[in-house]
Every structure is written in C-alpha cells, then in structure tokens.
Amino acid sequence: MTHRTLLTGATGTLGSALRSRLLGAGREVRATSRSPPEDTDDEVEWVATDLADATGVRAALADVDVVVHAATAPRGDSESVDLRGTERLLEAAADAGVTNFVYVSIVGVDEIPYTYYEHKLAAERAVEASAVPSTVVRATQFHSFVFELLETISWLPIWPVPAEVPLQPIDVGEVADAIVDYAALEASGRVPDVGGPERRTVGSLARTYRDARGSCRPVVRIPIPGAVASGFRAGGATCPDRAVGTITWEEWLATQRGYRSH
Ligand SMILES: NC(=O)c1ccc[n+]([C@@H]2O[C@H](COP(=O)([O-])OP(=O)(O)OC[C@H]3O[C@@H](n4cnc5c(N)ncnc54)[C@H](OP(=O)(O)O)[C@@H]3O)[C@@H](O)[C@H]2O)c1
C-alpha cells in the first residue's frame, strides 16, 4: 500500500501552502509543475506535467493513493487545463487505484456564468461522475488574490472598483489546512465550503488596503453590466454560513511588507 500524494499546481499560491503542510502531515509528496524547480531543499519529488496536453500525467500518477488537484489556468486556456486536464488526471487516477481525488474549486462556480467558473463547474461534475472516490472543496477568494487585483489599480489617481460586490476573502494557509485534513480522510464527496471570516464589499476592502498603504486615492464605484457582474453582486462568491477562516483582511494586510494596520 502506497502513501504517496500527488499535488498538482504545486508551484502556485495554494500549491505552495499545501506542499509544506502535506509534508508536515507525514505524506510522501510528488509535486507537479510544467517547469519543476531545479534546486529544492525539501523532500518533494518533482515531476514535469502539462495538463493541457497530458505530458507526464501517467508517470505522475504511478504509485499514488491520494491526489490533491490544485493546478489551474484562470488567465490561460481553462478549458484545456481545468476541464480536460482534470478529465485526463481522473483517467490516470482510475488506473492507478487512487482512493481520494481531492478537487479544489471556488465558491459560486454554479452561480456566476464566468467562463473560467463554468470550466471549474464542469470539472467538478467530471470528478463527481468519475469512478475515482473524490472530495470537492470550494473556497472563497484568497486575500492574496484580492491584494493582487488591488495592486494592479494602485498606480491610478482614482481607483475604479465594483464597490458594492461582496467578497469573503480568506488566508490561503487556512484553505490549505482544510484541504490537508480532507486529504487524510476517506473520500468525502462535496464537503462544506471554506470561506473567510468576514463578508466585505470590494469598496470596503479597497479602502482598508488604501489606508494600509498610507494612500489617500479616492475609491469610486464603477457600474459593471452583464450576468457575471450581477452574479458577483448577488453574493454568489460568498458563503456567509461558512465563515470558517479566522484571519481577517486587516490582519493579513498587516503581514505584508510596507502595509500597516490601523
Ligand atoms: N486564487 C484564489 O483566490 C482561489 C480561490 C478559491 C479557489 N481557488 C482554486 O485554488 C486552486 C489553486 O489556485 P491558485 O490561485 O493557487 O493558482 P495559481 O497560483 O495560479 O497556480 C496555478 C498552478 O497551476 C499550474 N498550472 C498552470 N497551467 C498548468 C498546466 N497547463 N499544466 C499543469 N499545471 C499547470 C501552475 O504550475 P506551473 O506554472 O509551475 O506549471 C501553478 O502551480 C485552483 O483550483 C483555484 O481554482 C483559488
């Protein structure tokens, strides 16, 4: 019986947080990337895998009992990577006898008709329809993701944001903790969502970020038409009943170099 976990997307934001935690939990970890790092001092076995064309997928699954699938291409070809790539992984996982395929998804993929979310939802369905025992964990936006979005507008004299949209950002480490716990259990199907401690509007998150930067740029609401924006405005990306994270946006920002709490 092997006790090896395959972690896809191991170089990503969530994948990096998962790597150390899976090792800490005593798992043997095989990690995938299209370009594995050459010099690493951890005990991870790296394999080169490209989910868009199945390169390395079969080899990655050899002697694996658990898969934690965190690879994604939100700004790339999500149909090839998130949907077809997940199907390719599932086929190889079935042949390898995987006992728990943990799929990381996003709160609201079934409420917001954004193409990337549609591919994630189709991937969830492929996971659930597969013969491989599985666990599907949906999380809300990571603090770091909201931060990166705000950084992209921070140079503007006025910050245009969809101010009324509610989000519920969470620390990525808290999401990784929940996923590692599920990876250690038997396959559990769709599990309760993992959401941040507070439901906050984008306007409020942006003002806190601005104050933590010591900036005084005006935050202005821009109206965004269309079904995707309307799905976000309706709270589709939040799960107020599952506010299980503990680290708030203010607390997280205060850990970032150059940002201070008020
Ligand atoms: N970001 C958020 O706020 C958020 C919120 C909730 C849920 N999630 C979910 O959490 C998971 C991880 O998201 P993340 O934000 O941590 O992602 P990320 O930082 O963008 O990392 C993406 C990872 O996917 C890998 N990847 C990209 N294209 C690939 C391909 N063609 N073949 C194989 N690997 C590929 C990348 O590895 P290389 O570039 O090294 O190949 C990288 O390790 C995803 O399922 C995402 O939907 C994210």
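Heavy-atom basis, side chains included; hydrogens, waters and symmetry copies ignored. Start at 1 and go down the list; that is how both ligands and their atoms are numbered.
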message: Test of understanding: with side chain to side chain contact (heavy atoms under 4.5 Å, CB included), list the residues that count as partners of Ala71, not counting sequence neighbours.
response: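 Ala71 satisfies side chain to side chain contact (heavy atoms under 4.5 Å, CB included) with Thr8, Leu51, His69 only.
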query: Is it the case that Glu186 and Thr99 place a side-chain donor and acceptor less than 3.5 Å from each other?
result: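 Not at all, the side chains of Glu186 and Thr99 share no donor-acceptor pair under 3.5 Å.
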Thr248 side chain to Glu198 side chain, donor-acceptor N/O pair below 3.5 angstrom: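 Absent: no donor and acceptor within the cut-off.
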- request: Evaluate the side-chain proximity of Glu91 to Arg88: yes if any heavy-atom separation is below 4.5 Å, no if none is.
  value: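 No, every pair of side-chain atoms sits at 4.5 Å or beyond.
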message: Give me each pair satisfying ring-ring contact (aromatic ring centres under 6.0 Å, His included) with a member in residues 118-145, each pair once, sequence neighbours excluded.
response: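 The answer is His143-Trp249, His143-Trp252.
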message: Suppose the criterion is ring-ring contact (aromatic ring centres under 6.0 Å, His included): which pairs have a residue in residues 153-181, not counting sequence neighbours?
response: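 Listed once each, the pairs are Trp159-Tyr209.
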field: Residues lining ligand 1 [heavy-atom distance under 4.0 Å, listed by chain and residue number]
entry: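 Residues near ligand 1: Gly9, Ala10, Thr11, Gly12, Thr13, Leu14, Ser33, Arg34, Thr49, Asp50, Leu51, Ala52, Ala70, Ala71, Thr72, Val81, Val104, Ser105, Ile106, Tyr116, Lys120, Ala139, Thr140, Gln141, Phe142, Phe145.
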